[in-house]
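For reference, the structure is listed below as structure tokens.
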2 protein chains.
Amino acid sequence: MTVFTAATATGRKRRGEGHTRRDEILHAAKELFLEQGYDSTTIRKIADRVGISAPALYLYFRDKEALMLALCDQTFGHLIEAIDEIERTVAEPLERVRRFGEAYASFGLTHPDEYRLIFMGAHIPESLRKIGHRMPTDDPTRPGVGGALVFSRLVAILNQVEASGVKLRYPADTCAELCWMGIHGVVAAMIMKPDFPWSNRDLLIEGMLDIVAKGIVREG
Amino acid sequence: MTVFTAATATGRKRRGEGHTRRDEILHAAKELFLEQGYDSTTIRKIADRVGISAPALYLYFRDKEALMLALCDQTFGHLIEAIDEIERTVAEPLERVRRFGEAYASFGLTHPDEYRLIFMGAHIPESLRKIGHRMPTDDPTRPGVGGALVFSRLVAILNQVEASGVKLRYPADTCAELCWMGIHGVVAAMIMKPDFPWSNRDLLIEGMLDIVAKGIVREG
DNA sequence: CAGATAGCTTAACGGCGATAAGTTATCAAC
DNA sequence: GTTGATAACTTATCGCCGTTAAGCTATCTG
């Protein structure tokens, strides 16, 4: 008779301990995801690693997409924390924009698979690609909104920039979009073509941040 | 007894007419691709539309990826032509950069599925995602190099800018990469989130081109 | 007319995400 | 302690997918 708790025992979970199984699934999925990428991370492989049957996963996640989005939201928490830290320690709004960009790029290049899933549509289900579909950005309980959450933080920072008296070349939301698109372009390119002989990766990140920061403020 | 030629007859092709079947496959694949996107464009559906069995496709294409890349190369020809036209009619190098950006964005938003396939990794096979993989950009006969071809044209234009006496803030290749990354960020974002309430799509494109054009030249 | 072979077929393999239906262990209530 | 509800999980299966193997047939060449 073992003395292991339900969380570590290899067999069936006790009643009410299902959430520990859910965590085990997420843990195994993350390992496989990092080892083998999205396409190769199959429901069956995850189930095998956890030590349960494949259909058992569907007790904890509606489908594969929900599982993956739950994974991403977990990872995106780290970026949100980094942004919190910036807002806590950096006062100057324009400097916040730059620090945001650096944290964003660093995160994307450190978590390329999650980044692809959220920002590069590695998985986009057909249902979301239909014309007229509304992004569920207003429901923070839905999994997979990590990206929208991050973006909304940038919008807030750009509003702070404007409120601080800096004259912007474009409306604040347009500036936020331009900032995001610029740094996203850098990150997406490096993730997409990791072996392309980019001239200078650090310079590309800093250069894009310079260009964007300079480009959104009205000169004079 | 019909008088249709081999190209329009419904039955088996005559000897030596296989290439017409190949064209029919590409045509059907393109239709399906535009109607239903990448994932839903299956080998079996393409074969059905052409009126042949699924394995028959493998007489003309090594695998699904090769078929899709052949499709994309065909479409990318239009962008290459647009760039040719710009180089033919626009003399000022910096103006060429801007016109390139406009043509590029216009193309991407007009052909979002092909753009995703080539520049956003909607298909990236696992074999290409391994660390250390070299991009086969130097083999123009390989299908799927449309993207690299387009990028190399931008690099050439930036070299022209530098040769024309304009002082650049960064090396010419870095500037080309920054230009591409900026406009790619805009296009990728709009393709990825087509229903996001972007503040002003035209302004985003023009704004990014302004920002980049201004950002890569040394002031003074 | 007799091969040769381009063009195509049917059948099948191993994999995928997902569902249906049944089984078993656990717990609360009596 | 027995019972009944049910959480946790299983086996079997479905309908797809890309792809391959093996064979057939119409057409062309000599």
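Below, read A as the first sequence line, B as the second, and so on, with proteins coming before strands; counting in each chain starts at 1. All heavy atoms count here, side chains included; hydrogens, waters and symmetry mates do not.
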Rounded to whole Å, how long is the line connecting atom [atom1] of [X] with atom [atom2] of [N]?
| X | N | atom1 | atom2 | value |
| --- | --- | --- | --- | --- |
| B:H19 | C:dC8 | NE2 | P | 12 Å |
| B:F61 | D:dT20 | CZ | C1' | 18 Å |
| A:D39 | C:dG15 | CG | P | 16 Å |
| A:K13 | D:dC9 | NZ | C1' | 13 Å |
| B:E65 | D:dC17 | CD | C1' | 16 Å |
| B:E24 | C:dG7 | CD | P | 12 Å |
| A:L57 | D:dA8 | CG | P | 14 Å |
| A:L67 | C:dG17 | CG | C1' | 12 Å |

Given C:dA18, D:dT11, C:dA11, which nucleotide is nearest the side-chain atoms of A:S53? D:dT11
Picking from C:dT10, D:dT10, C:dA18, which would you name as closest to the side chain of A:A56? D:dT10
Distance test, side-chain N/O of [X] to OP1/OP2 of [N], below 4.0 Å:
| X | N | answer |
| --- | --- | --- |
| A:Y60 | D:dC9 | yes |
| B:R14 | C:dG7 | no |
| A:R21 | D:dA7 | no |
| A:K64 | C:dG17 | yes |

Applying ring-ring contact (aromatic ring centres under 6.0 Å, His included) to A:F33 and not counting sequence neighbours gives none
Partners of A:D84 by side chain to side chain donor-acceptor pair (under 3.5 Å), sequence neighbours excluded? A:R153
Across the strands shown, which category fits [X] at heavy-atom distances under 4.0 angstrom: base, sugar-phosphate, nothing?
| X | answer |
| --- | --- |
| A:I43 | sugar-phosphate |
| B:T42 | sugar-phosphate |
| B:I52 | sugar-phosphate |

Do B:T41 and B:K64 have a side chain donor and acceptor closer than 3.5 Å? no
B:Q36 and B:K45: side-chain donor and acceptor closer than 3.5 Å? yes
Counting distance alone, no hydrogens or angles: does the base of C:dG15 have a donor or acceptor under 3.5 Å from a partner atom on the side chain of A:R44? no
Would the base of C:dT26 count as contacting A:R12 through its side chain, where contact means a donor and an acceptor less than 3.5 Å apart? no
Parallel, tilted or perpendicular: which describes the rings of B:F119 and B:Y104, with under 30° parallel and over 60° perpendicular? tilted
